[in-house]
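One structure is given below, encoded as structure tokens.
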Amino acid sequence: MAIKHFLQFKDFTRPELEYVFERTRWIKNQFKSYQKYWPLSDRTLVMIFEKASTRTRLSFEAGMQQLGGSAIYLNTRDSQLGRGEPVEDAAQVISRMSDIVMIRTFEQEIIERFAANSRVPVINGLTNEYHPCQILADIYTYIEHRGCIQGKTVAWVGDANNMCNTWLQAAQVLDFKVHVSTPPGYELQPELIAGVDAGHFQVFADPMEACRGADLVTTDVWTSMGFEAENEARIKAFADWCVDGEMMQAANDGALFMHCLPAHRGEEVTAEVIDGPQSVVWDEAENRLHVQKALMEYLLLGHIQG
């Protein structure tokens with residue numbers, strides 16, 4: 001049986017994603033009712049971090065333990081990966097000593113090379129190009145609050161970063177639309193959204209117009225990890241791309257606001273929005289835990305009957 005990886009959102013089909021969402025609901029219910037569920041007893045997750053993390057490490061480590069398994073944290077600063085060991089060699093060794101691997105790194109190429117040499121499933125915990133686990137959590141959160149996302153409109157306001165790229169892949173697979181508004185000079189890179197047809201996204205110069213008619217408005221920090229040197233220039237360029245109450249009013253009644261966190265109130269979003277009644281950012285953050293448990297269960301055990 002071929003090894004299944006989750007390196008980009010489009011690696012899963014719509015039926016696979018729907019299954020993961022259904023398992024997420026069941027696993028979360030078990031967690032909330034304090035019911036022990038240990039399908040991954042004696043399984044080991046290795047977590048490799050080249051980028052700093054709060055939510056990714058906590059959600060994967062706690063999630064694996066809650067499924068009965070164990071998690072090992074590796075930072076490239078403290079391992080041979082940080083001293084020039086080839087990615088291919090590290091993959092051969094690490095995958096012989098574990099059951100599943102999560103990697104949070106810079107270039108997508110690194111995780112693709114690792115997966116090509118791994119004997120076990122590999123999960124993208126974040127790269128410069130994509131952040132599929134976060135979008136899994138975001139879409140599951142939308143489903144929890146508003147039902148099926150098919151046919152809905154998501155407004156992306158801000159940088160055309162890994163989150164934005166992944167939203168566009170999700171729109172293609174799950175059949176919804178993304179309105180994208182970015183400042184000049186920070187537009188979508190066509191090579192990163194290859195395969196997404198024009199019917200699933202629309203680009204707007206004006207962020208207010210992007211929010212008009214949206215069912216979900218979402219954003220991210222203006223300066224992603226690895227781009228800190230550009231921070232001052234980005235603050236000036238993105239000044240009009242702060243999600244505020246006026247943008248949320250332009251969206252549909254009942255529209256939700258999401259942010260993958262950490263957030264900078266007064267920059268990419270105002271306090272009144274992120275702390276307001278339309279915001280579901282705390283549910284969104286918690287759901288990283290639950291969707292990743294369902295994801296790991298699926299990658300290791302396949303479909304669970306019943």
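- Within 6.0 Å of atom CD in Q92, more than 12 heavy atoms from other residues, nucleotides or ligands are found, so the atom counts as buried in its surroundings.
- Within the 4.5 Å cutoff, no side-chain heavy atoms of M102 are placed close to those of V46.
- By the neighbour-count criterion of 12 heavy atoms within 6.0 Å, atom CG of D206 is densely surrounded, having more than that number from other residues, nucleotides or ligands.
- A cation-pi contact, defined as under 6.0 Å to the ring centre and within 45° of the axis, links R57 to Y73.
- Applying the 4.5 Å side-chain rule to ILVMFWY residues, one finds V93 in the same cluster as M97.
- Looking at R288, Q292, Q134 one by one, the single match for side chain to side chain donor-acceptor pair (under 3.5 Å) with T56 turns out to be R288.
- Atom CH2 of W38 sits in a sparse spot, with 12 or fewer heavy atoms from other residues, nucleotides or ligands closer than 6.0 Å.
- Scored by the side chain to side chain contact (heavy atoms under 4.5 Å, CB included) test, I235 finds W222, N231, E267 as partners (sequence neighbours excluded).
- Looking at E297 and K293, no side-chain N of the basic residue comes within less than 4.0 Å of a carboxylate O on the acidic one, giving no salt bridge.
- Checking E112, Q108, E129, R104 one by one against N124, the side chain to side chain contact (heavy atoms under 4.5 Å, CB included) holds for a single residue, Q108.
- Counting heavy-atom neighbours within 6.0 Å of E232 CD, excluding the residue itself, gives a total of 12 or less.
- If you look at F9 and Y130, their ring centroids are not closer than 6.0 Å.
- For the residue pair H290 / N287, no side-chain donor-acceptor distance below 3.5 Å is found, with atom types taken as modelled.
- Applying the side chain to side chain donor-acceptor pair (under 3.5 Å) rule to H131 yields no partners; only residues at least two apart in sequence or on another chain are considered.
- For H264, the side chain to side chain donor-acceptor pair (under 3.5 Å) criterion is met by no residue, not counting sequence neighbours.
- Using a 3.5 Å distance cut-off with no hydrogens or angles, the side chains of D283 and H145 do pair a donor with an acceptor.
- Ring-plane geometry between F176 and W167 is classed as perpendicular, the angle between the planes exceeding 60 degrees on a 0 to 90 degree scale with a lower cut at 30.
- In this structure, D11 has no side chain to side chain donor-acceptor pair (under 3.5 Å) partners at least two apart in sequence or on a different chain.
- Ion pair E18/R23 not flagged as a salt bridge, since none of the NZ, NE, NH1 or NH2 atoms sits closer than 4.0 Å to an Asp/Glu carboxylate oxygen.
- Members clustered with L289: F31, by chain and number, using a 4.5 Å side-chain heavy-atom cutoff among hydrophobic residues.
- By the 30° and 60° cut-offs, the orientation of the rings of Y298 relative to H303 is perpendicular.
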